[in-house]
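Naming convention: chains lettered A, B, ... in sequence-line order (proteins, then strands); numbering from 1 in each chain.
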2 protein chains.
Amino acid sequence: MNSKDIAKIVGVSRSTVSRVINNYPDIPQATREKVLKAIKEYNYYPNASARRLVGMKSSTLGIFIIDIRDNEKPHHVIEKNEDLLYDNSYFSPFINAFIDQSNKAQYHVLVSTIYSSDELWKIQSAFYEKRIDGAVIVGSSNADYNKIVEIMDKDFVTVAVDFDVEKENIDRVMSVNVNNYSGVSDAVEYLIELGHRDIGIITGDLKKLSGKIRFNSFKDALLRHSLPLNDDLIAYGDFTEYSGYEGMKKILASDKKPTAVFVCNDTMAIGAYRAIEECGLKIPENISVIGFDNSYISQYMSPSLTTVNVSLPEIAKCSIDLLLECINNNEIKAMQKTVNVQIIKRNSCKKID
Amino acid sequence: MNSKDIAKIVGVSRSTVSRVINNYPDIPQATREKVLKAIKEYNYYPNASARRLVGMKSSTLGIFIIDIRDNEKPHHVIEKNEDLLYDNSYFSPFINAFIDQSNKAQYHVLVSTIYSSDELWKIQSAFYEKRIDGAVIVGSSNADYNKIVEIMDKDFVTVAVDFDVEKENIDRVMSVNVNNYSGVSDAVEYLIELGHRDIGIITGDLKKLSGKIRFNSFKDALLRHSLPLNDDLIAYGDFTEYSGYEGMKKILASDKKPTAVFVCNDTMAIGAYRAIEECGLKIPENISVIGFDNSYISQYMSPSLTTVNVSLPEIAKCSIDLLLECINNNEIKAMQKTVNVQIIKRNSCKKID
DNA sequence: AAAATAAATTAACACGTGTTAGTTGTGTAA
DNA sequence: TTACACAACTAACACGTGTTAATTTATTTT
């Protein structure tokens, strides 16, 4: 069933059918209705490839999840017997939101995960083969995006989400970022409000921009309230669960015991919980813990984890807005959007006197 | 950059370029190399739409996640302020595995979620517009798939995953199923092995096939070992966390206290944990708990949950195998594949005397 | 050297659509 | 009646590719 068939059925030329579909104004209501009726009755859908071929958009957005292992295995690919367990649940809600919102904007979504630098061609391929009009690139670290920026021609419409974009590239790309600074700021203010004065931190990977910013914001917040920044209460982690465990062990081993610890992401908080339990301490009675990300598990931890929520649907919305504007105006502007965050108060923090 | 350009550059006809790309045998090595060199040098990728238009496959598979709310809100769409939190983490590892394995087989993947019956057109649209060669349909319940079977012409290549296919349709569709029966069987045998004789159950939704089968297998297992099936130790749940909580409360309130409870999925086990804690009991000291699914959180529960693992990568593999065979042979056969499961022994079950 | 065969190459068509420029039909103004 | 504007429609081209059948070129056989 194609437009020629519909034309024959209605007794009109193929051009007319096309003009009806594309809402040309010079079609009388009577003709339009006849055509639409036949289209519906015979279940006709225009061939997407043919449309794309004559210069129309492909009506498809891409989403590329960068998941490149540096040296070791990535934290979310757990080997189990011989097959891998795929689990990047951190991105999953974002992906779902992005797909749903794209669909609502009449766009299809092509999803692909990139597990090593060798697979970066997937991005090129999707663009050059004209399968997608634009794409979101999410995840991974500094070094990779430089490679990606380099690999991609500048005429690919892409948005980097939660990506560490180097300063020299900041005006060559579009990006949507999380307001890490204010999130950490709020978290620390909240702890102070609860009466805490000896506050520790388990940092994220300081090689990553988000790790750096969160740490800086933490220090600034203490400074603003003239609170001491005790070296014994700082543990340097790398966003993995195990580093959270080790970090908390280190902090608890010091003389200066904190009454609260800010952990730079929820994954590390899982490890921190374990360390605290092993030391025979109770959350929040003996020590308050606050995380960052509001990841899926955080609500199921016991006690449920107070954390900073990053609204992934909002990030999805911002990304799509940028992409569509860019696609429709046919011009690429380097733009940054920043998404705000809010504290989710649960049961891992306690007021003290 | 198209094949015409490449042809001009190499000094050969467009046909020759095409024949090189499509591995025709009658091209001498010298010519082939010249063409391939130019293709690489100029970053030429054949236009996917044009290829599709001349009858080639679109090299794209679809994955449709059916997520239809019956009356109430679905368990994974949690309203938060005004925007939704997208979280179907249960399917997420399957989706990732499916995408990765499809990519390895040189296929792109189009992902779409269907939140209500009104959106079923998305499946039709993707097929009729010739965007995909085949698709996996995952999730949801009985009623919906009948609608889907009805809506779809029989010449769409689809595989139903973990779907309740009605008997009358079983020979009209392809499907990949979890071996629920043997999974439950193994779980109960394991509990018996540990010395348990008073075993309770929180069932799943008995309207769903998986709910029915799991319950039946449980009863059969007890029968095989001449163990009593005590009504007080049966709680009827519906796969949701809250029903797990209520079910466990009910069981614990009865006179006949069980030493172990089989919970028909991990989500209900979360609720069951809470109920047990509220009753002042300890897992596994006072009561052993075993779940089903090996969902992401199960490893993070405390104590970590012993459960039955469903290998989602294997399901993905089976689905893709079925789809590709069907696509390549251009014939649709109704086939069923069943994936086996294994117990993951963690810390929620204890040996008793 | 001519003829026959094999190897290498290509011209031309088809795929299904959107759009441009053109044509036909219809009513209005001169 | 003629000229003209305008509405309604359509013929024909372009998009980039794969493939069939035909053509050219090279090699072998007579």
Side-chain angles (χ1 to χ4, degrees), chain A residues 1-36 38-39 42-60 106 108 125-133 328 330, chain B residues 1-36 38-39 42-60 106 108 125-133 328 330:
Chain A
M1 182 61 49
N2 54 29
S3 64
K4 209 166 155 187
D5 298 329
I6 295 292
K8 195 170 289 173
I9 288 164
V10 181
V12 84
S13 85
R14 205 178 54 67
S15 307
T16 301
V17 175
S18 178
R19 298 179 89 85
V20 168
I21 291 169
N22 294 52
N23 286 314
Y24 274 61
D26 61 349
I27 303 277
Q29 193 60 21
T31 313
R32 155 163 282 118
E33 275 167 11
K34 272 194 299 181
V35 172
L36 288 177
I39 286 177
Y42 290 88
N43 252 318
Y44 165 68
Y45 287 80
N47 183 309
S49 299
R51 302 189 88 175
R52 166 65 204 121
L53 202 53
V54 289
M56 305 207 75
K57 304 299 176 191
S58 64
S59 301
T60 307
Q106 307 279 27
H108 295 250
S125 148
F127 272 107
Y128 278 133
E129 291 175 0
K130 298 285 159 69
R131 291 177 181 274
I132 55 179
D133 300 328
N328 295 330
N330 233 350
Chain B
M1 183 61 48
N2 55 28
S3 63
K4 211 165 151 188
D5 297 328
I6 296 291
K8 194 170 291 172
I9 287 164
V10 180
V12 84
S13 84
R14 205 178 55 68
S15 307
T16 302
V17 174
S18 178
R19 298 177 91 85
V20 168
I21 291 169
N22 295 66
N23 286 314
Y24 274 62
D26 60 351
I27 303 277
Q29 193 61 19
T31 312
R32 156 164 281 118
E33 275 168 11
K34 272 194 300 182
V35 173
L36 288 178
I39 286 177
Y42 290 89
N43 252 319
Y44 165 68
Y45 287 81
N47 183 309
S49 299
R51 302 189 87 175
R52 166 66 202 119
L53 201 54
V54 288
M56 305 205 75
K57 304 300 176 190
S58 65
S59 301
T60 307
Q106 307 279 27
H108 295 249
S125 148
F127 273 107
Y128 278 132
E129 291 177 0
K130 298 285 160 68
R131 291 176 181 274
I132 55 179
D133 300 327
N328 295 328
N330 232 351

From [atom1] of [X] over to [atom2] of [N], roughly how many Å is that when rounded to an integer?
X	N	atom1	atom2	value
Lys130(B)	dT17(C)	NZ	C1'	13 Å
Asn23(B)	dT17(D)	CG	C1'	16 Å
Lys34(A)	dA8(D)	NZ	P	13 Å
Leu53(B)	dC15(C)	CG	P	9 Å
Asp5(B)	dG16(D)	CG	C1'	11 Å
Glu129(A)	dT17(D)	CD	P	10 Å
Arg51(B)	dT17(C)	CZ	C1'	20 Å
Asp26(B)	dG18(D)	CG	P	15 Å

Nucleotide of [options] approaching [X] most closely (side-chain heavy atoms):
X	options	value
Ser15(A)	dA11(D), dG16(D), dG18(D)	dA11(D)
Ser13(B)	dC15(D), dT10(C), dG16(D)	dT10(C)
Val12(A)	dG16(D), dG18(C), dT10(D)	dT10(D)
Ser3(B)	dT17(D), dC9(D), dT9(C)	dT17(D)
Val54(A)	dA14(D), dT19(C), dT9(C)	dA14(D)

Would you call [X] and [Y] a side-chain contact if the rule is heavy atoms closer than 4.5 Å?
X	Y	answer
Ile21(B)	Ile39(B)	yes
Val10(A)	Val17(A)	no
Asn23(B)	Arg32(B)	yes

Strictly below 4.0 Å: does [X] bring a side-chain N or O up to OP1 or OP2 of [N]?
X	N	result
Ser18(B)	dT19(D)	no
Asn47(B)	dT17(D)	no
Tyr44(B)	dT17(D)	yes

Next item on the list: Determine, step by step, whether Thr60(B) and Arg131(A) satisfy the side-chain hydrogen bond (donor to acceptor under 3.5 Å, both in side chains) criterion, reporting the C-alpha distance in whole Å, the side-chain angles of both residues, the deciding distance to 0.1 Å, and the verdict.
Entry: CA-CA 10 Å; Thr60(B) 307; Arg131(A) 291 177 181 274; 3.2 Å; yes
Note to self: Can you work out whether Ala50(B) or Thr16(B) has the more 5'-proximal nearest nucleotide on DNA chain C?
What the structure shows: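 Mapping each residue to its closest nucleotide by heavy atoms, the 5'-most match is Thr16(B).
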Notebook entry, point to check: If you take atom types as modelled and just measure distance, does the side chain of Arg14(B) reach the base of dG18(D) with a donor-acceptor pair under 3.5 Å?
Noted result: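 Counting by modelled atom types and ignoring angles, a donor-acceptor contact under 3.5 Å is found here.
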Next item on the list: Please state whether the base of dT10(C) and the side chain of Arg19(B) form at least one donor-acceptor pair under 3.5 Å?
Entry: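 When only heavy-atom distances are counted, Arg19(B) does reach the base of dT10(C) through a donor-acceptor pair under 3.5 Å.
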Checklist line | Reported CZ-to-CG distance for the pair Arg19(B) and Asp26(B), which is rounded to 0.5 angstrom | finding: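 It is 4.5 Å, given to the nearest 0.5 Å.
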Margin query: Mind checking if Ser49(A) touches a base, just sugar-phosphate, or nothing, with heavy atoms under 4.0 Å?
Written below: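 It contacts nothing in the nucleic acid.
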